Amino acid sequence: MTNKVFVYIDHFENHVAPASFEALGVARQMAETLGGGVSAVVLGQDVDDVVKQAAAYGADVVIKGDDPALKDFRGEAYANVLSPIVADAEVLLFPTSGRTRELAGLVAVDLETGVIPDVIDYEFDGASVLATRPIYAGKLLTKVVCRERRPQILTLRSRAFPGPEADSGRSAEIVEAEVDAGDVATEVIGYRESQSGVSLTDAAIIVSGGRGVSNRPSLVPPAEISDEAEQEIWRAQQGFKLVRDLAEVLGAAVGASRAAVDAKYVPYDRQVGQTGKVVSPDLYIAAGISGAIQHLAGMRTSKTIVAINKDADAPIFKLSRFGVVGDLFDVLPPLTQALKERLGK
Ligand SMILES: Cc1cc2nc3c(=O)[nH]c(=O)nc-3n(C[C@H](O)[C@H](O)[C@H](O)COP(=O)(O)OP(=O)(O)OC[C@H]3O[C@@H](n4cnc5c(N)ncnc54)[C@H](O)[C@@H]3O)c2cc1C
């Protein structure tokens with residue numbers, strides 16, 4: 001019997017995005033309703049390790065497209081291989097990432113079906129998936145269904161679903177896919193590593209800084225920094241160091257508001273919000289962030305939110321489970337120290 005539920009395993013140079021395993025967990029649940037098992041699709045070059053992981057996390061069948069033409073992710077090449085593999089699937093799941101947003105759209109065009117992106121919950125209506133996804137910067141949740149066309153393509157928000165436990169003894173049927181990547185116009189020239197540390201979207205804990213990290217007038221920059229804008233950046237560096245210190249003790253990723261990114265305190269890849277990353281960690285600590293709707297859009301589904309802000313009326317406190325009204329320059333160092341001692345670091 002051909003499986004009805006397929007999962008695309010997203011990886012970069014064989015490092016699997018953990019949300020791929022969450023998608024396998026969802027796929028197993030869906031297969032209980034739809035019947036059959038779960039097929040995973042792994043594309044790339046020298047992907048045997050990824051194939052093993054897909055089996056360990058719940059795939060019954062792993063379809064492997066292993067070819068030099070797939071060494072680097074290129075949407076068109078990957079879609080040319082993936083679309084025929086999943087053409088008869090009932091449901092196709094992707095973990096949500098920059099790559100899969102592109103790929104899901106291309107596959108949907110090839111197969112003349114739709115995409116439901118950034119899903120955080122679902123239920124079944126017969127064989128149709130009623131998917132829940134946030135809209136309007138997370139202010140509303142909407143239910144979306146793809147009734148007529150197949151496959152139903154969903155991208156699942158990272159960390160919205162629990163990840164299954166790996167079982168390294170589990171094996172799957174391996175099927176070699178025919179790889180015809182087609183004549184693709186683009187070529188990947190290379191990669192440049194960002195200096196940003198722990199990945200934001202996969203992090204269980206995020207400590208974020210906002211414009212407030214530069215607001216400590218009593219901090220006097222060295223005499224050689226006379227330009228006012230440079231003085232502000234210098235102050236922000238001192239503030240962000242406190243954010244980073246706390247993040248390091250907690251093993252957390254560092255995030256930021258757009259104001260902090262626009263002011264060049266940190267690079268754009270740290271931005272959380274409507275025009276940055278959408279995150280859903282267990283713990284989100286916001287220091288010197290007011291809580292504008294566009295920032296909340298990126299972190300409102302965090303399980304526990306802690307805010308540190310000088311202004312007791314800052315909107316971020318409305319969403320926070322715990323709040324500290326105070327200057328982050330006074331609050332963060334003792335908090336970091338106390339956690340260091342508590343965690344034995
Ligand atoms: C189309 C569009 C898209 C956008 N996308 C995003 C996005 O993706 N992400 C995003 O974040 N924003 C986004 N914005 C910008 C957003 O509207 C806000 O301007 C931004 O989030 C504000 O950042 P902030 O909270 O750091 O700064 P502010 O709003 O200036 O807040 C700074 C906060 O720090 C507090 N503070 C100051 N000094 C201290 C101190 N020493 N200790 C403690 N607290 C202190 C203040 O009380 C204040 O609450 C977008 C805007 C638009 C129009």
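In this text, all values refer to a predicted model and were calculated from it rather than measured experimentally. Whatever order the structure lists ligands and atoms in, that order sets their numbers, starting from 1.
Between Phe12 and Tyr191, the ring planes lie perpendicular to each other; the angle is over 60°, past the 30° to 60° tilted range. Ring pair Phe94/Tyr8 is tilted by interplanar angle, where 30° to 60° counts as tilted.
Contact annotation for Val272 and ligand 1: only backbone heavy atoms (N, CA, C, O) come within less than 4.0 Å of the ligand. Contacts between Ser290 and ligand 1 below 4.0 angstrom, taking non-hydrogen atoms only, involve backbone and side chain alike.
Contact atoms of ligand 1 toward Gly210: 26 (O) (distance under 4.0 Å to a heavy atom of the residue). Close contacts of ligand 1 with Gly326, meaning ligand atoms under 4.0 Å from a residue heavy atom, involve 42 (N), 43 (C). Per-residue contacts place Gly273 under 4.0 angstrom from the following atoms of ligand 1 (heavy atoms of the residue considered): 7 (C), 8 (O), 9 (N). Ligand-side atoms of ligand 1 in range of Gly276: 8 (O), range being under 4.0 angstrom from any heavy atom. Using a 4.0 Å cut-off to heavy atoms of Asp327, the atoms of ligand 1 that qualify are 40 (C), 41 (N), 42 (N). Taking a cut-off of under 4.0 Å to the non-hydrogen atoms of Ser257, the atoms of ligand 1 that pass are 11 (O), 23 (O), 24 (P), 26 (O).
A salt bridge does not link Arg101 with Asp118: none of the charged nitrogens is closer than 4.0 Å to a carboxylate oxygen. For Asp125 and Arg147, the salt-bridge test passes: some basic side-chain N is under 4.0 Å from an acidic carboxylate O. Under the 4.0 Å criterion applied to side-chain N and carboxylate O atoms, Asp330 and Arg216 are assigned as salt-bridge partners. Looking at Asp60 and Arg170, a side-chain N of the basic residue comes within less than 4.0 Å of a carboxylate O on the acidic one, giving a salt bridge.
Enclosure of atom CG in Asp48 by more than 12 non-hydrogen atoms of other residues, nucleotides or ligands within 6.0 angstrom is indicated.
Closer than 4.0 Å to atom 42 (N) of ligand 1 lies at least one heavy atom of the protein.
Side-chain contact between Asn215 and Asp327 is absent, with no heavy atoms from C-beta onward closer than 4.5 Å. By the 4.5 Å heavy-atom criterion applied to side chains, Val175 and Val61 are counted as neighbours.
Of all protein heavy atoms, the one lying nearest to atom 5 (N) of ligand 1 is Thr275 OG1, 2.6 Å. The closest protein non-hydrogen atom to atom 48 (C) of ligand 1 is Asn309 ND2, 3.8 Å. Scanning all protein heavy atoms for the shortest distance to atom 22 (C) of ligand 1 gives Ala259 CB, 3.9 Å. Residue, atom and distance of the protein heavy atom nearest to atom 36 (N) of ligand 1 are Gly212 CA, 3.7 Å. Looking at atom 32 (C) of ligand 1, its nearest protein heavy atom turns out to be Gly288 O, 3.5 Å. Counting only heavy atoms of the protein, atom 15 (C) of ligand 1 lies nearest to Arg258 CB, 4.1 Å. Looking from atom 40 (C) of ligand 1 to the surrounding protein, the closest heavy atom is Lys310 CD, 3.3 Å. If you check which protein heavy atom lies closest to atom 38 (N) of ligand 1, you get Asn215 ND2, 2.9 Å.
Residues Leu141 and Ile116 do not share a hydrophobic cluster, defined by chaining ILVMFWY side chains whose heavy atoms lie under 4.5 Å apart.
Checking Arg235, Arg216, Met299, Gln271 against atom 7 (C) of ligand 1, the nearest heavy atom belongs to Gln271. For atom 11 (O) of ligand 1, the candidate residues are Gln274, Arg211, Gln294, His295; the nearest heavy-atom contact is made by His295.
By the 3.5 Å distance cut-off applied to N or O atoms, Ala292 is not counted among the residues near ligand 1. Residue Phe329 has no N or O atom closer than 3.5 Å to an N or O atom of ligand 1.
Considering Leu43, Thr100, Thr155, Leu103 as possible partners of Asp10, the one that fulfils the side chain to side chain contact (heavy atoms under 4.5 Å, CB included) test is Thr100. Among the candidates Asp67, Asp72, Asp66, the single residue satisfying the side chain to side chain contact (heavy atoms under 4.5 Å, CB included) test with Gln45 is Asp66.
Between the side chain of Arg244 and the backbone N or O of Val254, no donor-acceptor pair lies under 3.5 Å.
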